[in-house]
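Have a look at the structure below before the remarks.
One-based numbering, in listed order, for ligands and for the atoms of each. Residue indices begin at 1 and follow the sequence shown.
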Amino acid sequence: MTRKSWTHEGVCWVAGRKRTLPETIEVTDPADGRVIGCVPRGGVELAREAVDTASEAFPAWSRRLPRERGQVLKDWANRILDHRAELAKLLSQEQGKPVAEALGEVETAAEFVEWYGEEAKRISGEVLPPAKENQQMTVLRQPVGVAALITPWNYPAAMVTRKAAPALAAGCTVVLKPAKETPLIASALFELLMETNLPHGAANLVTGDAASIGDTWLGDYRVRKISFTGSTGVGKELMKKAAEHVKRVSLELGGNAPALVFEDADLDRAADAIVANKFENGGQMCNGINLIFVQEPVREELTERILARVKALRVGRGTETECHVGPLINQRACHKVQALVDDAVNKGARLRYGGEPLLEGEYSNGHFYRPTVLTEVDDRMDLTRDEVFGPVAPILTFRIEEEAVRRANGTPYGLAAYLFTRDGGRIHRLTEGLEAGMVGVNGTSLSFPQAPFGGIKESGLGREGGLYGLEEFLELKFISTMLD
Ligand code: NAD
């Protein structure tokens, strides 16, 4: 195997060929604002060409033997793993997260591809009991067709594979647009995919102007499915546009995850899990804890434990070995976090740590925000309703279980919720009662290849991961045959 040294000049991939354009979009390092690379500024023309080639490739790819489709995916997974260190460095440079986290994300990205590589050969239909004499009833599972995939910047490797792998396993062909902040890792992942036996045109990557590319794909009747991960606002717009051709839609949108800590919980375990989740990716995680509800008798005990752990977090450039929290993605994100912290403090929250951007020395040109802990947070404050998407831990208190559940559910979002308690009955009641697509009990890990990831309410539609994620790219066809 030859080691890759990814250049920072990303490319589009259409019809199996590298594509560059005279106009480009700059990619910056969020740790210092420097321009580190560029990608083609694709628009309507390239987006349409990508759909042309994906629809031409569809009949052959969808009829390939399932085990051959699976083999292509397993080859892709192995190539990703072979180059995991270089990919992690690239991801960390353009996105900012610590390289150790980036490595974890690249490995997760490969796991999704491998898992769907295995599942491709298990997609099957059903034979139903007949309703009449001499009747045969069957159900086929068939790929939906060309699928358009749009991914965000916060997990720019895992989101690419969590969509592309099930789509390709199902027999769909794909067109994918990554976020403009993090297109280089998508371009590198596609380069590795192009080195497999995937037929030309079965997977296409277009970087560039989001609205022109998105509108081209949504307005094209040949695109039968849109799978989007990103903000709730953009997701709603895409859903409206998808109505024109009645496209299948999957949406993985924003969250406002509560963590409920009861007085009987193991508080060290809760603090470890909450801080690990809350400050992963600098708090820029859709299923990241937004609100920490703690039962009044243990408020100070939990707060002290959280504070001790937060004070030990080292903020720095993601490629530094000793860094736990990297920069935020851009200046706008820093301003949004500051505005939410200021609003909370003005309305009576107590700032226990942090609460400001880091601007001096090594931090001077980057988008760094000091890990922050707020207590005495209440429901009037904007950060209880808006996704903070930054390294801020707001602590609220509650008296009884019913109150905690009512307040945790009092949001239009419903992606994830977390629960810390040792009471079996309560675990049973709350895992049923919390309005979320996913509930973590005494722990916060929720993304696994075999499990359904996704939300309810305004956090989205559909699921990624597991057989559930595969179903999103399959249509059912019912066939009734009279045998005589
Ligand atoms: P975003 O909505 O701004 O962008 C997401 C993607 O949509 C990007 O590729 C962007 O270029 C594209 N886009 C933007 N406008 C578009 C348009 N008009 N037409 C077509 N495409 C368009 O979101 P973001 O800031 O990149 O990501 C952060 C958000 O994503 C957060 O709200 C987070 O909670 C959410 N998220 C959700 C999940 C999940 O699984 N539920 C996972 C990761 C991120």
Side-chain angles (χ1 to χ4, degrees), residues 25 27 30 39 41-44 47 94-95 97 105 108-109 112 148-163 175-183 185-186 205-220 223 226-242 247 249-257 280-290 328-330 332-333 336-337 386-390 411-416 436-438 446-448 451-465 468-469 472:
I25 299 180
V27 182
V39 287
R41 187 186 287 277
V44 174
E94 69 172 343
Q95 200 272 348
K97 67 179 65 179
E105 183 184 338
T108 300
F112 276 99
L149 317 176
I150 298 181
T151 56
W153 51 263
N154 62 343
Y155 287 84
M159 296 302 104
V160 165
T161 64
R162 204 165 82 176
K163 291 184 189 303
V175 292
L176 186 144
K177 192 203 82 59
K180 69 174 184 316
E181 294 83 355
T182 54
I185 186 73
L205 174 79
V206 182
T207 58
D209 181 56
S212 324
I213 297 168
D215 287 353
T216 305
W217 290 349
L218 284 155
D220 193 321
V223 174
I226 167 98
S227 174
F228 169 80
T229 298
S231 58
T232 296
V234 173
K236 286 179 182 177
E237 285 307 310
L238 299 185
M239 193 175 174
K240 283 185 206 155
K241 292 177 186 170
K247 293 189 198 312
V249 178
S250 301
L251 302 172
E252 298 282 348
L253 309 177
N256 185 13
E280 179 177 332
N281 203 11
Q284 303 167 113
M285 181 162 80
C286 56
N287 59 310
I289 295 166
N290 211 40
L328 296 183
I329 192 70
N330 53 35
R332 198 158 40 93
K336 179 183 172 195
V337 171
D386 284 354
E387 215 181 7
V388 178
F389 239 53
T411 152
Y413 295 108
L415 186 59
M438 302 173 285
L446 289 174
S447 176
F448 303 98
F453 192 100
I456 61 171
K457 295 157 80 177
E458 294 189 24
S459 286
L461 279 182
R463 294 293 182 271
E464 290 186 342
Y468 320 92
E472 301 283 330

Residue selection (non-hydrogen contact nearest atom 32 (O) of ligand 1) among E387, R463, E464, E252
E387
Name the option, out of I150, T229, L415, that contains the heavy atom nearest to atom 12 (C) of ligand 1.
I150
Backbone, side chain, both or neither: what part of T151 comes under 4.0 angstrom of ligand 1, heavy atoms only?
backbone
Is Y155 touching ligand 1 with its side chain, its backbone, both, or neither, if touching means heavy atoms under 4.0 Å apart?
neither
Sidechain-backbone polar pair: S459 side chain, L415 backbone, donor-acceptor under 3.5 Å
yes
Please confirm whether [X] approaches ligand 1 to less than 4.0 Å, judged on its heavy atoms.
X	result
W153	yes
K177	yes
P178	yes
L251	no
M438	no

Do ligand 1 and [X] have nitrogen or oxygen atoms that lie under 3.5 Å from each other?
X	value
K180	no
G230	yes
V234	no
N154	no
T232	no

Tell me every residue that passes ring pair (Phe, Tyr, Trp, His ring centres under 6.0 Å) with F228, counting only those two or more places apart in sequence or in another chain.
none
So among I25, T151, V39, which one has a side-chain contact (heavy atoms from CB on, under 4.5 Å) with P183?
V39
Using distance alone, with no hydrogens and no angle criterion, decide if Q95 and N154 have a side-chain donor and acceptor under 3.5 Å apart.
no
Under the salt bridge (charged side-chain N to carboxylate O under 4.0 Å, His left out) rule, collect the residues that match up with E387, sequence neighbours excluded.
none
Pairing of [X] and [Y] as salt bridge, 4.0 angstrom limit:
X	Y	value
E252	R463	no
K163	E464	yes
K241	D215	yes

Distance filter under 4.0 Å to F228 heavy atoms, resulting ligand 1 atoms
2 (O), 5 (C), 6 (C), 7 (O)
Given S250 and E472, is the side chain to side chain donor-acceptor pair (under 3.5 Å) satisfied, shown in steps?
CA-CA 7 Å; S250 301; E472 301 283 330; 2.6 Å; yes
